[in-house]
Trainee: 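Here it is, the structure, as structure tokens.
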Amino acid sequence: MAKSKTQFVCQNCGTVHNRWAGKCDGCGEWNTIIEDDQMGGIGSGPGKVPKKGRAVALTTLSGETEEAPRIFTGISELDRATGGGFVRGSAVLVGGDPGIGKSTLLMQAAAALSRRGHRIIYVSGEEAVAQVRLRAQRLDAADTEVLLAAETNVEDILATIGEGKRPDLVIIDSIQTLWSDTADSAPGTVTQVRTGVQAMIRFAKQTGAAMVLVGHVTKEGQIAGPRVVEHMVDAVLYFEGDRGHHYRILRTVKNRFGPTDEIGVFEMSDKGLREVTNPSELFLGERNSKSPGAAVFAGMEGTRPVLVEVQALVAPTSLGTPRRAVVGWDSSRLSMILAVLEAHCGVKLGQHDVYLNVAGGYRITEPAADLAVASALVSSLAGLALPADCVYFGEISLSGAVRPVSQTAQRLKEAEKLGFPGAMLPATSAEVPKGANGRWVTIEDLPDLVSRIAGSAAKLRQTPEDD
Ligand code: TYD
Ligand code: MG
């Protein structure tokens, strides 16, 4: 009965193959498939002998429920991203590129929790105790009672954190360094990472400690990425940012205990991460409103409005195939908007290179940014600067119609607060507040937008600009 146990597992996405191949069918990555002896040990699933099942009592959907018990860090941007603090007995994955600041963030969280009287254990598998201490000193966390261990073996870690009083929170930095005696494959492979993570999750569930697992995101697939454990944990947070910029965004992509569209914004300083409570001011900081091709988008991140500048550069191409380059937005969405501009507005961009950039290294995920992108493109192509005090939002459909988006009132309110009384928004927005003093222009469709941009620029040229 027992089959050969050799499998071939993609180190990027975890897809199991029966034979080796150069390219993974699951994720399309090359050279990520390696031979993996299955499986055994912690987390390997049920044993070989099928046991007779035990009937559990069925219940109903109504009944007593308890609010998940949480521990707050007091770092409000972090608490916001976790949906109100770490939940006891749950496992959170914090993923991100190497060097982005995951260890820094978690050391600050550990220190903050420890100051609030919680028992925190920080297990570092990547850095030696001395290195972690150095960072703690830099973060003014050295005086706290955070307990530290430098260990990578799963069994040893479990024995360590299981000893003595139950910890309130355990940080494992990182899951890629975990290895267990019970899994045969090499450290850093999918099997090892899964085995280790499963053991940690089980510890959290059994003891009620909150478990924070750090995972590096890798493009090369040399070590198993956090994607293979995303489905096992209760919440997934990604720490993003651009190395060239100081600020970092903690984005919730999965949360069994809270909303998933929240972000926390931080700024990396020489003394660790600082909270940014008003991100719009940061993203609009270096704005030069006089140049063509810049439009301010009034976006939403979860419950929070964020104003950010979209910059476009449209220039005649010298190549056979014009270039399309996008930073901070979806490139297929840009192609769509270019196509709609060509088809419905007669704006010809086939002989132009198009570059699109979201200021400050920020990444927009909302389709509501369509209108801002289209405005920036038209403005750059025409060489006409948009009005400096106007924001843009609205989704564009293939027919060229501008469709309403959610949370219109919050977007307008934030824009007014930050000195943007003007707005161009979808015509059918139901929730536009009445009687406010904003100059709001509703846009039916894309041709309407194009003519308004041309018109307002013409008006600007007639009246001499004042500084
Ligand atoms: P780190 O937390 O080690 O990243 P990760 O754990 O995600 O790999 O952060 C590394 C970077 O952060 C490093 O380039 C130095 C920088 N940094 C600061 O700028 N200020 C600080 O106070 C600290 C601790 C780190
Ligand atoms: Mg680290």
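Positions are given from 1 along the sequence. Both counts, for ligands and for their atoms, begin at 1 and track the order of listing.
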Trainee: Under the 3.5 angstrom rule, does the side chain of Gln192 hit a backbone N or O of Ala183 as a donor-acceptor pair?
Mentor: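 Flag set: sc Gln192 to bb Ala183 pair under 3.5 Å.
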Trainee: Within the structure, does Pro98 bring an N/O atom to less than 3.5 angstrom of an N/O atom in ligand 1?
Mentor: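 Such a contact does not occur with ligand 1.
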Trainee: What's the shortest distance from atom 14 (O) of ligand 1 to any protein heavy atom, and which residue and atom give it?
Mentor: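 The answer is Gly99 O, 4.3 Å.
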Trainee: To the nearest 0.1 Å, how far is atom 2 (O) of ligand 1 from its closest protein heavy atom, and which atom is that?
Mentor: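 Its nearest protein heavy-atom neighbour is Thr104 OG1, 2.6 Å.
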Trainee: Is there a nitrogen or oxygen of Glu127 sitting under 3.5 Å from a nitrogen or oxygen of ligand 1?
Mentor: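 No: no nitrogen or oxygen of Glu127 is under 3.5 Å from one in ligand 1.
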Trainee: Can a salt bridge be assigned to the pair Arg411 and Glu366 using a cut-off of 4.0 Å between side-chain N and carboxylate O?
Mentor: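 Result for this pair is yes, salt bridge flagged.
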Trainee: In ligand 1, which numbered atoms sit nearer than 4.0 Å to a non-hydrogen atom of Ser103?
Mentor: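 Taking each heavy atom of Ser103 in turn, ligand 1 has 2 (O), 5 (P), 6 (O) under 4.0 Å.
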Trainee: Is there a polar contact between ligand 1 and His216, counting only N or O atoms under 3.5 Å apart?
Mentor: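 Such a contact does not occur with ligand 1.
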Trainee: Does anything in residues 100-110 form a side-chain hydrogen bond (donor to acceptor under 3.5 Å, both in side chains)? List the pairs, not counting sequence neighbours.
Mentor: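 Pairs touching residues 100-110 that pass the test: Lys102-His216, Ser103-Asp173.
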Trainee: Using heavy-atom distances, let me know which of Lys271, Arg135, Met268 sits nearest atom 3 (O) of ligand 1.
Mentor: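 Minimum heavy-atom distance to atom 3 (O) of ligand 1 goes to Arg135.
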Trainee: Check this for me, if you would: do Arg248 and Asp97 make a salt bridge, where the nitrogen-to-carboxylate-oxygen distance has to be below 4.0 angstrom?
Mentor: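 The answer is no: the pair does not qualify as a salt bridge.
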Trainee: Any salt bridge between Arg80 and Glu301, counting N to O under 4.0 Å?
Mentor: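 Result for this pair is no, no salt bridge flagged.
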Trainee: Scan the protein's non-hydrogen atoms and note whether one is under 4.0 Å from atom 24 (C) of ligand 1.
Mentor: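 Within 4.0 Å of atom 24 (C) of ligand 1, protein heavy atoms are found.
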Trainee: Return the CG to OG1 distance between Asp181 and Thr195, rounded to the nearest 0.5 Å.
Mentor: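 These two atoms lie 11.0 Å from each other.
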Trainee: Look only at the side chain of Glu416 and the backbone of Lys413, and say whether a donor-acceptor pair between them is shorter than 3.5 Å.
Mentor: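 Between the backbone of Lys413 and the side chain of Glu416 there is no qualifying donor-acceptor contact (under 3.5 Å).
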Trainee: Does even one non-hydrogen atom of Gly96 get within less than 4.0 Å of ligand 1?
Mentor: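 Flag not set, Gly96 not near ligand 1.
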Trainee: Check Leu158, Ile157, Asn153 against Glu155 for a side chain to side chain contact (heavy atoms under 4.5 Å, CB included) and give me the one that passes.
Mentor: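 When side chain to side chain contact (heavy atoms under 4.5 Å, CB included) is applied between Glu155 and each of Leu158, Ile157, Asn153, only Asn153 qualifies.
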Trainee: Could you check which of Gly101, Gly272, Ser269 puts a non-hydrogen atom nearest to atom 20 (N) of ligand 1?
Mentor: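 Result: the heavy atom closest to atom 20 (N) of ligand 1 is in Ser269.
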Trainee: When rounded to the nearest 0.5 angstrom, what distance separates CD in Glu240 from OH in Tyr247?
Mentor: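 Here the rounded value is 9.5 Å.
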Trainee: Which N, O or S atoms belonging to the protein are less than 2.8 Å from the Mg ion (ligand 2)?
Mentor: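 Protein N/O/S atoms under 2.8 Å of the Mg ion (ligand 2): Ser103 OG.
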Trainee: Residue-level breakdown please: for Asp270 versus ligand 1, do any non-hydrogen atoms fall below 4.0 Å on the side chain, on the backbone, on both, or on neither?
Mentor: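 For Asp270, the contact with ligand 1 is made by the backbone alone.
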Trainee: Do the side chains of Arg138 and Asp140 get close enough for a salt bridge, i.e. N-O under 4.0 angstrom?
Mentor: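 Between Asp140 and Arg138 there is no salt bridge, as every charged N stays at least 4.0 Å from the carboxylate O atoms.
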Trainee: So, the side chain of Glu275 versus the backbone of Glu77: is there a donor-acceptor pair under 3.5 Å, distance only?
Mentor: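 Pair found, side chain donor or acceptor close to backbone of Glu77.
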